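This is the structure I have questions about; it appears just below.
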Amino acid sequence: QVQLVESGGGLVQAGGSLRLSCVASGSIFSINDMGWYRQAPGKQRESVAVINSGGRNTNYADSVKGRFTISRDNAKNTVFLQMNSLKPEDTAVYHCYADVRRWDGRGTTARPYWGQGTQVTVSS
């Protein structure tokens, strides 16, 4: 099995910063894309940021461009989200995901795994 565990959420004032981390563990052959989604009460889930396996290609939601930075440490199977200039509308539960490739005995297969989420609350 594969587990993803997020950390780093909390309560912060508008204009502040938080750094989220997500560690993937378990039976992992390799990890392709990693990223972050968020979901606020009453709103649809939103993709926040994605990073490819090599860490060179990233993609951000328009709402966070210039404020959030995604990065990863492949040696530690970890993805980070540095969030600066936070706004009240960034308040949500943030979930990380990883497209994990696992050995199944005959070859490898990939599928996405999700973390339980970490709450980020930005007060005005």
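These numbers come from a predicted model, not from an experiment.
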What do you reckon, are the aromatic ring centroids of Tyr97 and Tyr113 less than 6.0 Å apart?
no

What are the two closest heavy atoms between Ala14 and Pro88, and how far apart are they?
CB-CD, 4.1 Å

Would you find a donor on one side and an acceptor on the other, under 3.5 Å apart, between the side chain of Thr118 and the backbone of Gly9?
yes

Could you tell me whether Lys65 and Asp62 make a salt bridge, using a distance below 4.0 angstrom between a side-chain N and a carboxylate O?
yes

Give a yes or no answer on whether the side chain of Arg102 reaches the backbone of Ser27 with a donor-acceptor pair at less than 3.5 Å.
yes

Using only heavy-atom distances, determine whether the side chains of Thr78 and Asp73 contain a donor-acceptor pair under 3.5 Å.
no

No-hydrogen, no-angle side-chain donor-acceptor test under 3.5 Å, Ser85 and Arg67:
no

Minimal heavy-atom distance between Ala49 and Leu81, with the atoms involved, is CB-CD1, 4.1 Å

Evaluate Asn32 against Ser53 for side chain to side chain donor-acceptor pair (under 3.5 Å), listing each step before the verdict.
CA-CA 5 Å; Asn32 300 321; Ser53 58; 5.4 Å; no

Check the pair Asn77, Ile31 against side chain to side chain contact (heavy atoms under 4.5 Å, CB included), reporting the backbone distance first and the verdict last.
CA-CA 8 Å; Asn77 290 336; Ile31 302 178; 3.7 Å; yes

Kindly check if the number of other-residue, nucleotide or ligand heavy atoms within 6.0 Å of CD (Glu46) is above 12?
yes

Only pairs at least two apart or in different chains count here, so list each ring pair (Phe, Tyr, Trp, His ring centres under 6.0 Å) that has a residue in residues 59-96.
none

In terms of heavy-atom contacts, Glu6 and Gly117 come closest through OE1-N, 2.9 Å

